[in-house]
Amino acid sequence: MPRYPLKTAARHGLWSCHGCNLLCRLPAAAQQSAWHCPRCGAALHRRKPHSLQYAWAFLIAAIICYIPANLLPIMLTDMLSGTQRDTIMSGVVYLWQGGSWPLALVVFIASVLVPLLKILSMLLLLLTVHWRSRWAPRQRTRLYRLLEVVGPWSMLDIYVVGLLVALVQLQSLATIKAGPGAIAFGAVVVLTMLSAMYFDPRLIWDVFEDDDE
């Protein structure tokens, strides 16, 4: 296994404030629960408190919501001919069959593939940290940064439903409402973002620092 230089800030008594990101130097005798940031007054912690517990809780909730998000209708359309219920996949199929395959591909990637990859990526990060794995720490850190970047972009279906509701209601062509699948889908996006937010990527490197002590 490759070894990495471990001249970490925490080892030199430097902790980053989770409130304002100020790098603070702690006295050698300072206690974690008794030291606060001199700039914003937030409590200082070597790592985010209960990071893994919160990240696991939000990720498990996202996995549970992912199933109804794809099975329940995301949009309900009331017309003179009746009520049409569209799920994410039925919308993708409708766009594909209508010749709008680029849009169908974008919706499938942003609404089905990206949330699934986010869940699998967070599952990989949490499991490797839990098992104290030393596998590819730099790649896992880059994966976490990527998750933070792509997080909001998986809300495409919610944006599309909101736009369609506004346009159709304006023209009085039909009545469009967001279905229960939209609520579950929005919950998946928010929960995966919260899971990534509470996960502390510095935990990936703690196993190397502990090995050198």
[Y] and [X], any side-chain heavy atoms less than 4.5 Å apart:
{"X": "Phe199", "Y": "Leu52", "result": "yes"}
{"X": "Arg47", "Y": "Leu203", "result": "yes"}
{"X": "Val112", "Y": "Tyr66", "result": "yes"}
{"X": "Pro38", "Y": "Leu22", "result": "yes"}
{"X": "Thr87", "Y": "Leu71", "result": "no"}
{"X": "Leu124", "Y": "Trp135", "result": "yes"}
{"X": "Thr128", "Y": "Ile204", "result": "no"}

Over all heavy atoms of both residues, which pair between [X] and [Y] is shortest? Give the atoms and the distance, please.
{"X": "Cys20", "Y": "Cys37", "answer": "SG-SG, 3.6 Å"}
{"X": "Ser16", "Y": "Arg202", "answer": "CB-NH1, 4.3 Å"}
{"X": "Ala55", "Y": "Leu126", "answer": "CB-CD2, 3.7 Å"}
{"X": "Pro73", "Y": "Arg85", "answer": "CB-CB, 3.9 Å"}

Check the hydrophobic clustering (I, L, V, M, F, W, Y; side-chain heavy atoms under 4.5 Å; chains of links allowed) and say if [X] and [Y] are grouped together.
{"X": "Trp15", "Y": "Leu23", "value": "no"}
{"X": "Ile64", "Y": "Leu116", "value": "yes"}
{"X": "Trp96", "Y": "Ile88", "value": "no"}

Spacing of [X] atom [atom1] and [Y] atom [atom2] [to the nearest 0.5 Å]:
{"X": "Leu143", "Y": "Leu120", "atom1": "CG", "atom2": "CG", "answer": "10.5 Å"}
{"X": "Met89", "Y": "Ile74", "atom1": "CE", "atom2": "CD1", "answer": "12.0 Å"}
{"X": "Asn70", "Y": "Ser90", "atom1": "CG", "atom2": "OG", "answer": "11.0 Å"}
{"X": "His130", "Y": "Leu123", "atom1": "NE2", "atom2": "CG", "answer": "11.5 Å"}
{"X": "Met122", "Y": "Leu194", "atom1": "CE", "atom2": "CG", "answer": "10.5 Å"}
{"X": "Leu59", "Y": "Ile63", "atom1": "CG", "atom2": "CD1", "answer": "4.5 Å"}

Can you classify the ring geometry of Tyr54 versus Phe58 as parallel (below 30°), tilted (30 to 60°) or perpendicular (above 60°)?
parallel
Judged by atom type as modelled, is there a donor-acceptor pair below 3.5 Å linking the side chain of [X] to the main-chain atoms of [Y]?
{"X": "Ser51", "Y": "Asp200", "result": "yes"}
{"X": "Ser111", "Y": "Phe108", "result": "no"}
{"X": "Ser195", "Y": "Leu191", "result": "no"}
{"X": "Tyr144", "Y": "Ser121", "result": "no"}
{"X": "Lys118", "Y": "Val188", "result": "no"}

